[in-house]
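Just below is one structure, and these are the notes that go with it.
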Amino acid sequence: MRHRIAVIGGGPAGLTFARVLHRRDHPVTVLERDPAPDARPPGGTLDLHEKLGQLALDKAGLLAEFQALSRPEGQAMRILDTDGTVLRDWQPRPDDRANPEIDRGQLRDLLLGPLDVQWGRGVTEVQPGTRDGVLVRFADGRQETYDLVVGADGAWSRVRPAVSPATPHYTGVTFVETSLDDVDTRHPDLARLIGDGSVAAYGVNRALVAQRNSGGHVKVYAQFRAPLDWHTDLDRHLGLNRRADPDTSLDLADVEAVRSSLLALYDGWTAPVLDLLRHGTAFVHRPLYVLPVSHTWAHVPGVTLLGDAAHLMPPLGVGANLAMLEGAELAESVAAAPGDLDKVVRAFEEQMWARAGRWAEITAAGLERLVSPDPTEALAFFDEVQPS
């Protein structure tokens, strides 16, 4: 029996689900709101864990291709004090394949492969329980029905309301992202500072992290605790003491104003670390949202969720890994037992909730320690998770 299956979202979770089904000759419809694969920047780099994301790629028959693309050297991690003192400098062994890095764009293209994705198909609503199955309504006014709809459409999922009233809430931590291009040629001192992987410095309730991508591209993240509307009053919310200027708000679209404010926020930190901000290009505001740690729902026949749609958690290197493994596991289960789709999905959800709940607790506690009033907590956290 061939069920009509749609996955909403063309990120790592949805594409892994579709690739594993495709490998088992089961048809699946991939619906993605972006009009094309390159419609927007794909994001930074991901470390795929041996027993999570890499296992998912193995189930999809893509592990060897991943290994050819990935950067094991990207596992390197250096931690600095705010004065530039090197506190830790972890370097991977030559044969270490535990958590190699891959650019999100490269991973997307690897997963896309032969898949027939319907681009530009923005979903507005998913309605289960209709006579013909699960009804999916699209932004262009069209609608279609399926036997199973899998929501892999991220933090602000349009599928989630069909099974759960939960919505993401702000963590109290904001990231402001910028980038450096052609770092080895244009900024060789920063290239040496960053090394082959990442460099991070931690202060009181704030951090600066730079992570190397392929092709000399570097992502830089200013991380700090602040109210969601911190940019509306820099004096009151960040204590930047700019009262000589009667307007203490910040236009997040003003690149130089954002740069100046961030440099003031990190005032006193060593100049080489601040150069990560001085040489950054555009700045993107990324407040961190999460779903409740133990997010579950009463099972709804014909609809389920994967990844951030199901368990949005702090970005500490686990979310995409879990999402991909979930997609692979659900696809394998559906392909192996096509006669009882609802039973398969119920069993998958129970397994996903238990595992994701454990990781959500770990990452929530990790965020508290990484952006903390006590910077030594960040160092202690890395000492616990990094191999000795």
*Establish, for the pair R4 and Y146, whether the NZ or CZ atom is under 6.0 angstrom from the six-membered ring centre and no further than 45 degrees off its axis.*
no

*asked:* Assess the residue pair L262 and V176 against the criterion (side-chain contact (heavy atoms from CB on, under 4.5 Å)); give the C-alpha distance rounded to whole Å, side-chain angles, the decisive distance to 0.1 Å, and a yes or no.
replied: CA-CA 9 Å; L262 290 176; V176 178; 3.9 Å; yes

*Is a side-chain donor-acceptor pair under 3.5 Å present for T85 with D83?*
yes

*With side-chain contact (heavy atoms from CB on, under 4.5 Å) as the test, would you mind laying out the steps for T171 and Y289 before giving the verdict?*
CA-CA 6 Å; T171 60; Y289 287 83; 5.9 Å; no

*Can you check whether R160 reaches P168 side chain to side chain, under 4.5 Å on heavy atoms?*
yes

*Say whether R137 and Q127, considering side chains only, have a donor N or O and an acceptor N or O under 3.5 Å apart.*
yes

*Between F17 and L15, is a side-chain contact (heavy atoms from CB on, under 4.5 Å) present by the stated rule, with each step listed?*
CA-CA 5 Å; F17 173 75; L15 293 180; over 6 Å; no

*Residues two or more places apart in sequence or in another chain: which of them pass salt bridge (Lys or Arg N to Asp or Glu O under 4.0 Å) with R355?*
E329

*Can you tell me if T270 uses its side chain to pair, donor with acceptor, with the backbone of V273 under 3.5 Å?*
no

*So, do I5 and H26 sit near enough that their side-chain heavy atoms are less than 4.5 Å apart?*
yes

*asked:* With side chain to side chain contact (heavy atoms under 4.5 Å, CB included) as the test, pick out the partner of V7 among V150, T16, L330, L21.
replied: V150

*Is a side-chain donor-acceptor pair under 3.5 Å present for H217 with D182?*
no

*So does R88 pair up with D383, basic N to acidic O under 4.0 Å?*
yes

_Side-chain ion pair, R346 and E349, N-O less than 4.0 Å_ = no

_Main-chain N/O of N99 paired to Q75 side chain as donor or acceptor, under 3.5 Å_ = yes

*Salt-bridge criterion met for R225 and E368 (N-O under 4.0 Å)*: yes

*Run the numbers on H311 and H295 for ring pair (Phe, Tyr, Trp, His ring centres under 6.0 Å), then give the verdict.*
CA-CA 6 Å; H311 48 69; H295 178 228; 8.9 Å; no

*Between E50 and R97, is there a side-chain N and carboxylate O pair less than 4.0 Å apart?*
no

*Out of curiosity, does V199 fall in the hydrophobic cluster containing V220 (side-chain heavy atoms, cut-off under 4.5 Å, transitive links)?*
yes

*Answer yes if L111 and L322 sit in the same cluster of Ile, Leu, Val, Met, Phe, Trp and Tyr residues linked by side chain heavy atoms under 4.5 Å apart, and no otherwise.*
no

*Between L135 and T145, which heavy-atom pair has the shortest distance, and what is it?*
CD1-CG2, 3.8 Å

_What I'd like to find out is whether the side chain of N205 reaches to under 4.5 Å of the side chain of F224, using heavy atoms alone._
no

*With a 4.5 Å limit on heavy-atom distance, are the side chains of H3 and L148 in contact?*
no

*Are D89 and R78 close enough for a salt bridge, meaning some N to O gap below 4.0 Å?*
yes

*Linking I/L/V/M/F/W/Y whenever any side-chain heavy atoms sit under 4.5 Å apart, do V318 and Y221 land together?*
no

*What residues, two or more places apart in sequence or in another chain, satisfy salt bridge (Lys or Arg N to Asp or Glu O under 4.0 Å) together with D116?*
none

*Say whether V290 and W297 are linked into one hydrophobic cluster, either directly or through other cluster members, by side-chain heavy-atom distances under 4.5 angstrom.*
no

_So does H49 get a backbone contact from the side chain of N321, meaning a donor-acceptor N/O pair under 3.5 Å?_
yes

*Answer yes when R71 and D196 have at least one side-chain N-carboxylate O distance shorter than 4.0 Å, and no when they do not.*
no

_For R40, is there an ion pair with D34 - N to carboxylate O distance below 4.0 angstrom?_
yes

*asked:* Show the nearest heavy-atom pair for residues P272 and L190, with the distance to one decimal.
replied: O-CD2, 3.3 Å

*Is R104 salt-bridged to D109, cutoff N-O under 4.0 Å?*
no

_For a quick test of reading the model, state the closest non-hydrogen atom pair linking P128 to A162 and the distance between them._
CD-CB, 4.1 Å

*Hey, what's the ring geometry for W90 with F382, parallel, tilted or perpendicular (30° and 60° as the breaks)?*
tilted

*Show your reasoning for whether side-chain contact (heavy atoms from CB on, under 4.5 Å) applies to H237 and D229.*
CA-CA 8 Å; H237 295 317; D229 63 347; 3.4 Å; yes

*In the single-linkage hydrophobic clustering (I, L, V, M, F, W, Y; side-chain heavy atoms under 4.5 Å), do I102 and M324 co-cluster?*
yes

*Considering all heavy atoms of both residues, which atom of A323 and which atom of G307 are nearest to each other, and what is their separation?*
CB-CA, 3.5 Å

*Side chains of E326 and Q351: does their closest heavy-atom pair fall under 4.5 Å?*
no

_Donor-acceptor check, side chain of Y266 to backbone of A207, threshold 3.5 angstrom: yes or no?_
yes

*Establish, from distance only, whether the side-chain atoms of T376 and D374 form a donor-acceptor pair under 3.5 Å.*
yes

_Quick one: does any side-chain atom of T178 pair with a main-chain N or O of A282 as donor and acceptor, under 3.5 Å?_
yes

*Can you find a pair of side-chain heavy atoms, one from D233 and one from S249, that are under 4.5 Å apart?*
no

*Quick check: does any side chain N or O of R206 sit under 3.5 Å from a backbone N or O of A222, one acting as donor and the other as acceptor?*
no

_Less than 4.0 angstrom from a charged side-chain N to a carboxylate O is my criterion; do E32 and R108 meet it?_
no

*Check each of V258, L252, D254 against F283 using the side chain to side chain contact (heavy atoms under 4.5 Å, CB included) test, and report the only one that passes.*
V258

_With a 3.5 Å distance limit and no angle check, can you tell me whether T363 reaches the backbone of W359 through a side-chain donor-acceptor pair?_
yes

*For the residue pair I194 and L276, establish whether any side-chain heavy-atom pair is separated by less than 4.5 Å.*
yes

*Going by an N to O cut-off under 4.0 Å, is there a salt bridge joining D340 and K343?*
no

*Given side chains that start at C-beta, do those of L63 and Q54 come closer than 4.5 Å, heavy atoms only?*
yes

*Enter the distance from L325:CG to L55:CG here, rounded to the nearest 0.5 Å.*
5.5 Å

